[in-house]
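Since the structure is predicted, the reported quantities are computational estimates derived from the model, not experimental observations. Counting convention: from 1, in listed order, for ligands and their atoms alike. Note: hydrogens, waters and symmetry copies are ignored here, and every other heavy atom, side chains too, is used. Starting from 1, each residue takes its place in the sequence as its number.
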Amino acid sequence: MKTFAYFDSSHEFPEEIIIAAQMNPYKILGKNDFSTELADQYIPQFMCANARSFLNQALEESSKWEGIAIAHGCDATNRQFDIWEQHVQTPFLYYIHNPLRTDRIAQRFFIREIKAMINALESKYRIKITLDQLEKAIQVSNNIKILLQSLSQLRIIKDISNSEYFNVVKYCVQNPKEEIISYLNSILSDWKTRNSFPINKIPIFLTGSDITHALWYELLEKVNLRVVRDDLTIGERYFATLIPTDKDPISNIAKYYLNIPRSSTKHPTNPRINYILKACKSEKIHGVVSQIIKYCETFAYDVPFLKSQLEVIHIPVIHVEREFTENIDQQISTRLEAFVELLEQNR
Ligand code: SF4
């Protein structure tokens, strides 16, 4: 099956349209080596390195993909489409406007956007994307999300390392959907037999800029912080909500993308904070780690509000700004160790 790549700064791109078009949606997340050199020719280094790494991968690997779509995510990356249009070699480059609000007008607007993208794909690839195919794609997507929900719940009671969880979700956004169900079922059988949650690990909620490499999860693991809940794109934002099936598939898809756990890129902030507060109240969360990648101002703006709301419910929080690097940041490691000491005193 052919691969169609997409770039969004959160979980904005409706990948079900690509599944219905009989292609494999592939989320561009940058290469494992953290490279940005090629992209740095076109985007200044004071812009988010995540986005630069996505462009870098596209500059190197776009020939493997049938086409690329970019969805409106954060304002930092919004008009990077123009740079991609100039420099990335691809037979098809498409921009889909994903609304920042969630009201009825936004939903109507997004339905129109999805229909326009379907028309563009049909015309480019000489295919027909039927409502029946869209319904089947929703079913596939929901089946994957249900399995991910089951896996995610095991994090709280079983010994599942941070990077194992991250790698499973990452696999789901980059591999052919028909392979994923059996893959997830085998992981589920394995995780169910794991030992209980280790007593030396401290359960935390992880939030902030999207994490695209397992390294950061490994750093948390090293200092004994175990991520049992999160609201990240390679995480709960991808699977916490199912796509509704009560209306026509395009309306259902539009509704879904406007009702997933919110990112800081969306307005207003309250639903995002409420998701975190609810998780902290309902699970045995001992603390919150809020992190942003350097220059991700979108998430940085939310931090004072997040901290004040967590104070109200007496959940300790640490906020750190990280570099985009394959090296462990020792200063952050030391700060996390100090945070762990604080959490251990509260235990
Ligand atoms: S990390 Fe922040 S600045 Fe970078 S793409 Fe994501 S939301 Fe935008």
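A side-chain donor from one of Arg272 and Ser264 sits under 3.5 Å from a side-chain acceptor of the other. Side-chain atoms of Tyr6 and Glu15 form a donor-acceptor pair, as typed in the model, at a separation below 3.5 Å.
Heavy atoms from both the backbone and the side chain of Ser9 come within less than 4.0 Å of ligand 1.
Contact atoms of ligand 1 toward Thr77: 5 (S) (distance under 4.0 Å to a heavy atom of the residue). Near Ile293, meaning under 4.0 Å from any of its heavy atoms, are these atoms of ligand 1: 1 (S). Heavy-atom proximity to Cys48, at under 4.0 Å, picks out these atoms of ligand 1: 1 (S), 3 (S), 4 (Fe), 5 (S). Applying the 4.0 Å criterion to heavy atoms of Asn50 picks out, from ligand 1, the atoms 1 (S).
At a threshold of 4.5 Å between non-hydrogen side-chain atoms, the residues Phe4 and Asn24 do not count as touching. Looking at His286 and Asn346, their side chains never come closer than 4.5 Å, going by heavy atoms from C-beta outward. Residues Val317 and Phe205 form no side-chain contact, since every pair of their non-hydrogen atoms from C-beta on lies 4.5 Å or further apart.
Here Cys296 does not reach atom 4 (Fe) of ligand 1: none of its N/O/S atoms is less than 2.8 Å from the metal.
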Legend entry - Worked check of salt bridge (charged side-chain N to carboxylate O under 4.0 Å, His left out) between Lys201 and Asp159: CA-CA 9 Å; Lys201 300 284 179 191; Asp159 186 6; over 6 Å; no
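Using a non-hydrogen distance threshold of 4.0 Å, Asp210 does not register as a contact of ligand 1.
Shortest contact from atom 8 (Fe) of ligand 1 to any protein heavy atom: Cys74 SG, 2.3 Å.
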